[in-house]
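Here the structure comes first, spelled out in structure tokens, and everything after it is commentary.
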Amino acid sequence: MEIQLTLNGRPCAAEIRPDERLYDLVRAQGCASVKCGCETSNCGLCTVWLDGQPVLSCSVLAARANGRSVTTLEGLQAEAAEFGAFLADEGAEQCGFCSPGFVMTVLAMVRQLENPTEEEIQQYLAGNLCRCSGYQGQLRAIKKYLAAKAAQKKEEARP
């Protein structure tokens with residue numbers, strides 16, 4: 001079956017099997033940032049955006065992407081690099097295996113929540129597992145990134 005979608009801002013056509021997962025489709029299209037760690041929707045490593053909403057691509061059929069927009073980390077390089085610098089500054093990016101899914105989730109959160117509390121941040125990120133860290137560095141990086149984005153927004157609003 002052939003589907004049409006927009007992948008990282010570019011039109012894409014793909015021949016898929018009826019049981020093919022979105023994870024397999026985006027990997028076949030060269031999106032190597034999308035990883036699969038559990039295949040049970042528990043780790044967040046396979047997070048992509050489907051029409052701007054974070055989804056676990058290991059649990060979504062590729063057919064659901066027909067006519068829709070899929071974004072992976074490859075489509076958000078500038079934003080990912082900006083946030084990644086905050087992770088690195090906090091020593092929160094150790095092996096890096098979970099980073100793409102984590103970054104995708106954080107960038108979605110930034111778009112969806114305005115001035116989130118620490119509890120809201122933790123709830124939003126609940127499905128992202130990191131086997132290397134204790135999450136405190138990641139939380140510090142997120143808070144500093146949010147503060148920097150808020151300061152940037154204020155600066156841009158000045159006449």
*If only atom types and distance count, is the side chain of E15 paired as donor or acceptor with the main-chain N or O of M1 below 3.5 Å?*
yes

Counting only pairs under 3.5 Å, give me each side-chain donor-acceptor contact of residues 49-62, with atom names and distances, residues two or more places apart or in other chains.
unit_1: W49; atom_1: NE1; unit_2: M104; atom_2: O; d: 3.0
unit_1: D51; atom_1: OD1; unit_2: S69; atom_2: N; d: 2.9
unit_1: D51; atom_1: OD2; unit_2: R68; atom_2: NE; d: 2.7
unit_1: D51; atom_1: OD2; unit_2: R68; atom_2: NH2; d: 3.4
unit_1: Q53; atom_1: OE1; unit_2: Q112; atom_2: NE2; d: 2.9
unit_1: S57; atom_1: OG; unit_2: C46; atom_2: O; d: 2.7
unit_1: S59; atom_1: OG; unit_2: S41; atom_2: OG; d: 2.0

ring-ring contact (aromatic ring centres under 6.0 Å, His included) pairs touching residues 60-93, sequence neighbours excluded, are F83-Y145, F86-Y145

Practice problem: Report whether L73 and L125 are members of the same hydrophobic cluster (ILVMFWY, side-chain heavy atoms less than 4.5 Å apart, transitive linking). | Solution: yes

Taken in chain and number order and not counting sequence neighbours, the residues that satisfy side chain to side chain contact (heavy atoms under 4.5 Å, CB included) with E119 are T117, Q123

Salt bridge (Lys or Arg N to Asp or Glu O under 4.0 Å) pairs touching residues 99-109, sequence neighbours excluded, are none

Residues L5 and A65: closest non-hydrogen pair is CB-O, 3.5 Å

With sequence neighbours left out, the residues meeting side chain to side chain contact (heavy atoms under 4.5 Å, CB included) with C43 are C38, L45, L129

So, does D89 use its side chain to make a donor-acceptor pair with the main chain of A141 at under 3.5 Å? no

F102 meets the ring pair (Phe, Tyr, Trp, His ring centres under 6.0 Å) criterion, sequence neighbours left out, with none

query = Are any of the side-chain nitrogens in R158 or E155 under 4.0 Å away from the carboxylate oxygens of its partner?
reply = yes

- Item | E120 side chain reached by M109 side chain, heavy atoms, under 4.5 Å | no

For residues 24-38, the salt bridge (Lys or Arg N to Asp or Glu O under 4.0 Å) pairs (sequence neighbours left out) are R21-D24

Is it possible for you to say whether Y23 and V70 belong to one hydrophobic cluster, with membership spreading through side-chain heavy-atom contacts below 4.5 Å?
yes

By side chain to side chain contact (heavy atoms under 4.5 Å, CB included), E118 pairs with (sequence neighbours left out) Q122, L139, K143

_Quick check: is I142 connected to L113 through a chain of hydrophobic side chains (ILVMFWY, heavy atoms under 4.5 Å apart)?_
yes

- [ ] May I ask you to test the P116-L146 pair for a side-chain heavy-atom distance under 4.5 Å?
- [x] yes

Residues pairing under salt bridge (Lys or Arg N to Asp or Glu O under 4.0 Å) where one sits in residues 101-116, two or more places apart or in two chains, turn out to be E79-R111

Heavy atoms, side chains only, cut-off 4.5 Å: are V103 and T47 in contact? no

Partner of Q138 under side chain to side chain contact (heavy atoms under 4.5 Å, CB included), picked from V106, L87, N128, is L87

Note: E2 and A13 closest approach over all heavy atoms is OE2-CB, 4.2 Å

Across all chains, not counting sequence neighbours, the ring pair (Phe, Tyr, Trp, His ring centres under 6.0 Å) partners of Y124 are none

Determine yes or no for a side-chain-to-main-chain donor-acceptor pair under 3.5 angstrom, with E74 supplying the side chain and A32 the backbone. yes

Taken in chain and number order and not counting sequence neighbours, the residues that satisfy side chain to side chain contact (heavy atoms under 4.5 Å, CB included) with A14 are I3, I16, L25, Q29

Residue pairs meeting ring-ring contact (aromatic ring centres under 6.0 Å, His included), one or both in residues 51-70, sequence neighbours left out, come to none

